[in-house]
Structure formats: structure tokens, C-alpha cells
Amino acid sequence: MSTAVDVVDAIDTGLPVPEVDGVSRPFFAALDRGEFVLQRFPDGTWQHYPRPPEMYPPDNRPDFAPASGRGTVHTFTVIRQMGVPYFKERLPYVVAIVETEEGVRLMGSITDVPVDEVHIGLEVEVYGVRVAEGLSVPFWRPS
Amino acid sequence: MPEHDREPVIVGIGESELGKAPHLSQRQHHALAAGRALEDAGLTMADVDGYFCANERLPDMAEFLGLNYRYLSGAWTGGSSFEYHVQHAAAAIRAGYTDTVLITYGSDLLSRAGRSLGTGPATAGEPATWGQYEAPYGNTTVGSYALIAQRHQHVYGTTPEAMAQVAVDMRHHAASNPEAMYRDPITVDDVLGSRMIADPLHKLDCCVISDGGGAVVMTTRERAKDLPSQPVHILGTGTAQTHWNPVQMPDFTSSGAVQAGRDAFREAGLTPADVDMAMIYDSFTITVLMLLEGLGFCKPGESGGFVQDGNIRYGGSLPVNTDGGGLSSCHPGLRGIFLLTESVRQLRGKARLQVPDCSVAIAAGSGGWLSCIGVTLLGKEPVR
């Protein structure tokens with residue numbers, strides 16, 4: 001079982017709010033409850049981002065399942081120029097591709113570490129950032 | 001009576017005004033390039049019965065140009081759209097759905113939006129699709145390529161100096177192109193000393209933003225016999241997509257150029273060693289390295305040394321982007337059309353920086369974030 005994930009509040013801070021849909025809502029809603037879930041197929045493979053189960057054969061449809069919330073930095077960049085005011089005020093910051101223990105990759109921010117100390121292979125864990133009532137997005141910090 | 005030779009050839013190319021052209025709208029860029037390409041081909045708009053352009057402008061542009069077509073297509077894959085178009089047009093011409101195809105592109109990006117594309121939000125226009133999973137993190141277009149460059153450096157030890165050499169060589173070529181946006185020579189130190197936009201990409205690792213338009217006219221080899229220009233032959237084509245949004249890239253050190261290049265070379269019956277010059281999409285310095293490896297001009301991980309050995313510079317074994325490329329000459333958003341126009345100039349022997357005895361050229365377009373790769377092999381002679 002995965003342990004409960006921290007969720008920090010960022011409602012009305014200007015952080016972009018994802019326009020979720022019926023397929024993606026469970027991913028963001030679960031994180032808002034402190035659960036990091038990903039889609040898992042009956043054969044044990046995982047995927048991200050979520051797709052409608054109906055696009056797969058009836059005997060191989062994914063469902064959301066608890067994931068570890070741990071991963072490593074697969075690659076990253078330090079953004080030093082960005083036009084959107086919310087992000088411009090926060091330069092420089094890290095955008096990373098995190099590979100989870102389950103083998104899926106997500107884009108995310110790496111926080112709680114100086115940007116110059118982020119490196120490929122850095123071990124990170126997920127936390128939630130609440131951007132709207134009932135919706136949190138995954139962020140990552142060193143584990 | 002011999003069977004009509006329906007093998008596809010390029011008989012006309014045209015460009016609008018490149019660089020900064022605030023007096024031209026997007027549609028004017030399309031139309032000006034189209035008119036020049038048709039004049040080059042010795043044809044008029046009335047001869048065109050197949051029309052291609054990228055994206056939602058398709059029916060609007062068909063009306064604006066006054067076309068009466070039998071075949072219409074508008075694949076949009078970002079910068080590589082026009083290499084996809086050549087593949088589709090070649091198939092349609094061979095199948096007899098159309099005899100004479102016009103492909104056009106036009107953009108007023110610089111005059112309309114300034115230089116905001118690279119460092120604006122990478123998820124612009126995608127809030128409800130894949131942007132859901134990326135918008136909260138503030139990635140940029142430059143950032144997406146930086147993710148690829150960082151991984152390439154990590155896996156292969158590719159150096160910032162090797163990447164910078166690509167920009168230096170493109171600037172060297174741009175010096176011969178009066179239409180290029182930037183023509184003053186630069187050094188590796190200049191690139192490494194320019195400000196960091198998204199590690200490890202410096203300002204001079206990134207392409208220019210410009211206005212510009214281009215057009216290509218294709219027809220059958222049979223029809224080309226009656227036309228004034230020297231036809232350029234479509235020897236092989238290939239397309240491939242490995243992902244669209246950046247996080248879905250299955251391997252950050254490889255691209256669809258592997259499959260697209262293999263298909264194009266197989267169709268042509270050629271190998272990379274047969275290519276005399278290459279037009280390689282250079283949205284960023286890393287784009288060139290990734291495509292050179294994927295197409296087989298060097299092994300995976302060896303593109304840095306390949307570039308530092310002088311191979312892609314004019315006079316080297318594989319001159320790349322003799323017009324100065326997107327890095328120094330012209331990049332109005334989608335550069336793929338200019339890969340074709342400069343390739344044709346080279347094969348006609350009419351380029352400003354002419355590669356001697358140029359008989360085979362390759363145009364390799366990249367769309368998205370090394371997502372959609374389109375490859376066109378062009379020949380002075382019909383190898384097929």
C-alpha cells in the first residue's frame with residue numbers, strides 16, 4: 001500500500017489549473033485525497049497519462065491503482081526564461097521528467113532543492129499541490 | 001503508345017520574403033511564394049489540380065489562391081508537415097488523383113507575435129488535452145528540447161561545445177545568404193557565453209524567429225518534359241511519429257528519424273553515404289545531432305564528434321543547411337518547406353553556397369518536440 005501523500009494548498013495563487021475531464025479527473029482527485037494513483041493494466045503494466053478503458057479490449061482494460069509515489073529524475077532542465085508572469089516571478093525553476101518505480105514517466109517540478117543540485121538519477125517522491133477544490137497536481141521533492 | 005510516366009518530380013520552387021516582412025500577411029506569404037513557384041515551373045494557378053498546405057488554413061488558402069482542385073490534403077505535424085506533404089503528393093500523383101500539386105506555406109510570426117514562441121508556455125492551446133499534465137510546471141518550447149539535450153549529454157557525454165559547433169557552422173553558411181537574419185560569424189565561445197535559456201540550451205543554441213513563406217510545385221515526370229525547369233526527382237520518402245507531447249517520448253536519445261530515414265533510403269535504394277548534402281531541421285542545435293544519428297549519418301552518440309570533425313560545414317563530407325538554417329537564416333514557425341526549396345536549388349546547381357556535383361540531397365523535417373519526422377530524398381537524376 002502506498003502511504004498518504006502530503007497535499008499543500010495553492011488555490012488562487014495563479015498556478016495554472018488543469019482542465020480535467022472524465023478520464024483524468026480520478027488522477028487529480030485521488031492525489032487531492034492524498035493518494036497517488038496511476039492506470040494499471042490487468043497484466044501489471046502501468047501507463048500515464050490516463051486513457052479511456054473502453055479503447056482497449058474487454059479483457060485488458062486499465063483501472064486506477066495506488067502507485068508508490070517514488071521515482072527518479074530521468075531528465076530535467078532549469079528554466080531561466082519564461083514569459084508567463086506566474087512562472088517569470090519564480091525563475092529559475094526545474095522542469096523534470098520523473099520515472100516512477102512503476103516505470104511510467106510524468107512531467108513535474110522538483111522543489112525543496114537548489115536548482116543546481118538537481119541531477120539525472122536524483123531520487124524523488126511525490127506530493128500534491130491543490131490548485132482547485134478537489135484537484136491536486138503532482139510535484140516532486142528529494143526523498 | 002508508352003504508358004504515361006507518373007513518377008513524381010519537383011518542377012517549381014518559390015519563397016516569399018524571408019526574415020522580417022511586416023508588410024506581408026500570412027496569406028500574402030502563401031500567395032507570393034505560390035506565384036513564384038508556379039512562375040519557376042512555367043505553370044499558372046489554372047494548371048494546379050492538387051493543393052496542400054498545413055493546418056486549418058487549407059480551405060481558406062484554396063479559395064484565396066483561386067484553386068479548382070481534384071485533390072486536397074493538409075497534414076499538420078508541425079515543422080515537418082511539408083515532408084509529409086511530399087510523401088502524400090507523390091502517392092496521389094502516382095495513383096492518378098492529381099497531375100500537378102502546389103504545396104504552400106506562409107507565416108508572419110515575427111511581425112505578429114515577436115520572439116515569444118520559444119519561451120512562452122509549451123502547453124499553449126492545449127489546456128484540456130495533454131496540457132493537463134504539463135501546464136502546472138511552466139515548461140517552454142526551449143525547455144522541451146533542453147530535456148532531450150540534457151539526456152543526450154548524460155547518456156553519451158555529448159558536450160556543450162559540440163552542440164555549439166552546430167550553431168557556428170550554420171552561421172558560417174548564413175554569411176553567404178543575403179536573406180539570412182544573422183550573418184556575422186560566431187564562435188563556440190560566443191554560443192557558450194550567450195545567456196542560458198533552459199539548461200543546457202543557450203540563446204544561440206536556439207533558432208531565430210522570422211517571417212516567411214515557401215512553395216513547391218510537383219507534377220509527373222511526363223508532364224515535366226514540356227516544362228522549362230530542370231526537374232528534381234523524388235527518390236524516397238519516410239515519415240514516423242514516436243510521441244507528440246514531450247513527456248511521452250519513449251527514448252530521449254532517439255527519434256522517428258530512425259524509421260523515417262530507413263523507409264526513405266530503402267525506397268530510394270540508397271544509403272546515407274550516397275547523400276551529397278543535407279537539409280536537417282535545426283530548431284535547436286540538439287535537433288541536428290538527434291537527426292544526424294537517427295538518419296544514420298553517424299552512430300548513436302557520435303554526432304558530437306561528427307560535427308566537431310567538420311563534416312556538416314561547407315566543404316565537409318555532408319554540408320548541412322547551406323542557407324544558414326533555422327539557427328541563423330529563417331524559421332517562421334514551420335521550417336520544413338525551406339528544407340525542400342534549398343535542396344532543389346542545390347540539385348539544380350543554383351544554390352548560393354553550391355555543393356559541387358550535388359546529385360542526392362535529403363530533407364529531414366522535425367515537428368513538435370522531435371515528435372513527427374518526415375524525410376524526403378531528392379535526386380538530380382531518377383535513380384528509381
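Residue numbers start from 1 in every chain, and the chains themselves are labelled A, B, ... in the order their sequence lines are given, proteins ahead of strands.
Environment of CG in A/Asp12: sparse, with no more than 12 heavy atoms of neighbouring residues, nucleotides or ligands closer than 6.0 Å.
Judged by distance alone, the side chains of A/Asp43 and A/Thr45 do bring a donor and an acceptor atom under 3.5 Å apart. With hydrogens and angles left out, the side-chain atoms of B/Arg151 and B/Thr253 include no donor and acceptor closer than 3.5 Å.
When each of B/Asn139, B/Asp199, B/Thr119 is scored by its heavy-atom pairs under 4.5 Å with chain A, the top score falls to B/Asp199. For the set A/Val129, A/Asp21, A/Leu15, A/Val17, the entry with the most heavy-atom pairs within less than 4.5 Å of chain B is A/Asp21. Annotation: maximal heavy-atom pairing with chain A below 4.5 Å, among B/Gly138, B/Gly131, B/Gly120, occurs at B/Gly138. Chosen from A/Val94, A/Ile97, A/Val131, the residue pairing most often with chain B at heavy-atom distances under 4.5 Å is A/Ile97.
The aromatic ring centroids of B/His331 and B/Phe284 lie 6.0 Å or more from each other. Checked against the 6.0 Å centroid threshold, A/Phe36 and A/Tyr127 do not count as a close aromatic pair.
Judged by a 6.0 Å distance limit and a 45° cone about the ring axis, A/Arg51 is not positioned over the six-membered ring of A/Tyr56.
At a threshold of 4.0 Å, the pair A/Glu99-A/Arg105 counts as salt-bridged, since one of the basic side-chain nitrogens sits closer than that to a carboxylate oxygen.
Neither the backbone nor the side chain of A/His119 has a heavy atom closer than 4.5 Å to any heavy atom of chain B.
Side chain of B/Ser255 to main chain of B/Ala257: a donor-acceptor pair is present (N/O by atom type, distance under 3.5 Å, no hydrogens or angles).
Interface residues of residues 75-92 of chain A toward chain B, defined by a heavy-atom distance below 4.5 Å and sorted by number: A/Thr75, A/Phe76, A/Thr77, A/Val78, A/Ile79, A/Arg80, A/Gln81, A/Met82, A/Gly83, A/Val84, A/Phe87.
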